[in-house]
Structures are given as C-alpha cells and as structure tokens.
2 protein chains.
Amino acid sequence: MTNAQFDREQVLRAAMKAFMYKGYGKTSMQDLKKVTGLHPGSIYCAFDNKRGLLIAALEQYRLDRSGEFQAFFPSSQPVMISLKNYLNDIVQGCLNCDAPQACLLTKALSEISEQDEEIQQIIAHNLQAWQQALAEKLEQAKIQHELTTTRDSDHLARFFVMGIYGLRTFAHTYPKTDVLQQLADQLYSDICA
Amino acid sequence: MTNAQFDREQVLRAAMKAFMYKGYGKTSMQDLKKVTGLHPGSIYCAFDNKRGLLIAALEQYRLDRSGEFQAFFPSSQPVMISLKNYLNDIVQGCLNCDAPQACLLTKALSEISEQDEEIQQIIAHNLQAWQQALAEKLEQAKIQHELTTTRDSDHLARFFVMGIYGLRTFAHTYPKTDVLQQLADQLYSDICA
DNA sequence: TATTCATTTGAATGATCATTCAAGCTTTAT
DNA sequence: ATAAAGCTTGAATGATCATTCAAATGAATA
C-alpha cells in the first residue's frame, strides 16, 4: 500500500512549483504526472488524491521555508542585519518570474479559502507560525538592544507580515526593482521606528 | 445580436459576487446561470463567453468602486478624516464574511495573472488607477496642510495600497476586528509620520 | 529456474465543464 | 390578423477532468 520508491521531496517540490505557477484548480493530474514523473496510480497510492498531494506539498513547503528562514538568522550576526537580508531576498523573489513568484501559502489561501476549511486551517496555521518565528527574532533584537521601540514584538511581526503579503501582491501589478525595494525599505524603517 | 432585455448592471454585480466567492475558475456557467438568471445562450450573446463576462464584471467593479471611493471624500470634510473613514470601511469589509471578503481585482490577479496577459493588464491598470486616485487625495491633504511630511504623495500612496493588499490577505488568516483595526491604525499613522 | 507477491502502468470510466444550436416563443410591423 | 424577425430556451456536443482498475512488469524467494 505505502511505498517510497521515488524521491518524495523531489516529487513534492515539483508539485509545489506547479501549484504555485498554475494554481491548484488549473493544475491537472496530467500536469502533475508530467512534472513529478509519477503515473496517476502512484500518486493516488502515495497521496490518496490531488487534494492529498496539495496537503503534502504544503507540509514540504513549510519545512523548506522554515529551514530557509532559520538559515537567514545565524547567531554570529545581528538580528536586524539578518532581517534586512531576509527582506531583500523576498524582494528579489518577487522579481524572479521564473521561480515561485508568489508564496504557495498565500496563493492557495486566496484560491481555496472559501471552499475547503481544513486546508484553510493548515495554511493559516503555517502563516501564523512564520509570524511567530519573526516575532521571536524581533524580541531577540530588542533584548540585544539592536531594536529600541516601545511596540510589542507580536504587533511588529504582524505589521511586518502584512507588509510582505502586500509587497507580493503589489509586485504582481508593478514588478519594478526600485519601487519594490523602496517599499521594502519603508517597511523596514517603520518597524524600527 | 446585441441586446439589453435584462438589467446589465444587476447581472454583472451578480457575476462579480460569484467570481469573488468561488474564484473565476471554479465558478461554472451553471453557477452563473443561477446567480444571473440568464440562460447560457443569453450570456454568450451578450458577453461572448465566460472570459468576456469576467472582463465586463471587472469594468463594472471598477465603476462601482470608483464611485464609492469618491463618495468617501466630500469636499466639505478634511481629506485625512475621509481617508481614515475609508480605511475603517475596508477593515469592516474584511470582516464581513457574507459579502465580498476579498477584492475582485486582487483575487482575480492572484488566480489569473500567469495565464492571461490581457486580463492581468486590465487588473493592473485598475489597481494603479486606484493608487493614483489615492495619491491625488494625499497631495490635496498636503496642500491643505492636513498632512505634513517630506515624502512624495506617490510614494505614500504606494505604501498605503501595499498595506491594504496585505491587510486583506492577513484577514483571511486571522479575521479579528481588534487586530485588523490595530494594523490599519498603524498603517495610517505610518503614512502621517 | 520457477513461483509468488507487490508495484507500476496507462487505458477506461463517469462526471463536469464551456460552448453551441435548432426549435419554440414573443414581439413588432404591416 | 398575419407575417417576419429576433430573442429565449435548454438539451446536445465534444473536450477535459479526477479517479479507478485490471493487466503487465519487476523483485524476491525457494
């Protein structure tokens, strides 16, 4: 019943990419067959159905992004420097049209939120975990006196993620480096103030 | 060939609502038949096809929102008061689950952007027109000395719309009045600063 | 080598979709 | 009242979709 003949991570990353590019609804099983190299039967055996594949891909996305996030914050470096690098990386990601232009989480959230409560919960939970991780970094920055503000770390983190959601949407309408960078810089300095 | 036997605006608003709720892809012609009260043949006669109906609905949405926007800024009232009211109204809109939770423009942008260049252009154009209208209001506020900042009105307007995009996405993950209001207030005061 | 068992495979299935169109109906003009 | 024209109607069409399953294949054991 279960199997692991194929590279699960590679399959999930291929599915992720397809879902990000076309959206969940418009990604057909034929598309998924093509990009994963798996035949329909194998996909159904491993993930139950298309929805199961999305759920597994969301989990892989969470793992990948979580690792990526932590890698941006080495203990050897001031937190706020890392945060700026992280933000700049997101700006670059918005401009790189070939790769995942949008975040899988926000893309899927926008598409599915009204239709599938369970998936909405998964996505909301992942986004909140990301926000919480950011809040922890900001709290650490406050403790290390890199960041001096009376505002609550949770409050700051919420505003920061809101800004990034907005930045990604904005990039869809106007993908120019300088404007996006300016917006990101403004967001960063509003956090510091 | 052409006809106007039915109430075009009413039909387009019904279609808008359906597209906002289910998304373009998942809204079937049967759904559209149900909500518009029009038979498939009539829809094809009036709008060519489903895509044509979307384009017409986007135009109606632009008209509706444009009127709504201007109504928020009566000349009898300070611009910045109107802006705050407008922002608060958006916060309420994010919480009103029954009605268009999301903006049709951003919802369609997220779903269609990679697939249909022409529709992407229409949406991007509409969003930029909205941003431009905001920039004009901010410029007016500066002239009337309601707003004292060295920052460019275009820059401010971009940051503002970015914030609203982000607010709407945030609301999908965490639709609590107080948190959204706090984020909106923060956005407003960051514009003023 | 022969046999058994699990996996892979892709064609078949049934549902749903956007779109079309010919028949029926209403309206308008004479 | 009659005829012509256009509009409404919803069943039919052909394509595409997610999903299934029986046959083919390969691996493992004896």
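Order of the sequence lines sets the chain letters (A, B, ...), proteins ahead of strands, with each chain counted from 1.
- Both A/D31 and A/D48 sit near DNA chain D, but only A/D31 has its closest nucleotide nearer the 5' end.
- Residue A/M29 has its side chain nearest to D/dT19 when only D/dT19, D/dT9, C/dT19 are considered.
- Position along DNA chain D of the nearest nucleotide to B/G37 versus A/R51 favours B/G37 as the more 5'-ward residue.
- Taking atom CG on B/L38 and atom P on D/dG10, their separation rounds to 12 Å, with Å as the unit.
- For A/H39, whose side chain is taken as the heavy atoms from C-beta onward, the closest listed nucleotide among C/dT19, C/dT9, D/dT19 is C/dT9.
- One atom, CD of A/Q30, and another, P of D/dA15, lie 14 Å apart when rounded to the nearest Å.
- For the pair A/K50 and A/Y24, the cation-pi criterion (under 6.0 Å, within 45° of the ring axis) is fulfilled.
- Residue A/F47 contributes atom CZ, which lies 12 Å from atom P of C/dT8 at whole-angstrom precision.
- Rounded to the nearest 0.5 Å, atoms CE (A/M20) and CD (B/E114) are 11.0 Å apart.
- In this structure, a donor-acceptor pair under 3.5 Å is present between the side chains of A/Q140 and A/Q144.
- Between A/L32 atom CG and C/dT9 atom P there is a gap of 16 Å when expressed in whole angstrom units.
- In this structure, of D/dT9, D/dG10, D/dT19, it is D/dG10 that holds the atom nearest to the side chain of B/P40.
- In this structure, the CD1 atom of A/I43 is 10 Å from the P atom of D/dA18, given to the nearest Å.
- Rounded to whole Å, atom P of C/dT13 lies 17 Å from atom OH of A/Y44.
- When each of D/dC17, C/dT20, C/dG10 is scored by its nearest atom to the side-chain atoms of A/S28, the top-ranked nucleotide is D/dC17.
- Within 6.0 Å of the OH atom in B/Y188, the count of heavy atoms belonging to other residues, nucleotides or ligands exceeds 12.
- The side chain of B/K50 approaches C/dT19 more closely than any other nucleotide in the set C/dT19, D/dA18, C/dA11.
- Between the CG atom of B/N49 and the C1' atom of C/dA18 there is a distance of 9 Å, rounded to whole Å.
- The distance from atom CG of B/L54 to atom P of C/dA18 is 13 Å, rounded to the nearest whole Å.
- Judged purely by atom type and a 3.5 angstrom limit, B/S110 has no side-chain atom pairing as donor or acceptor with the backbone of B/T106.
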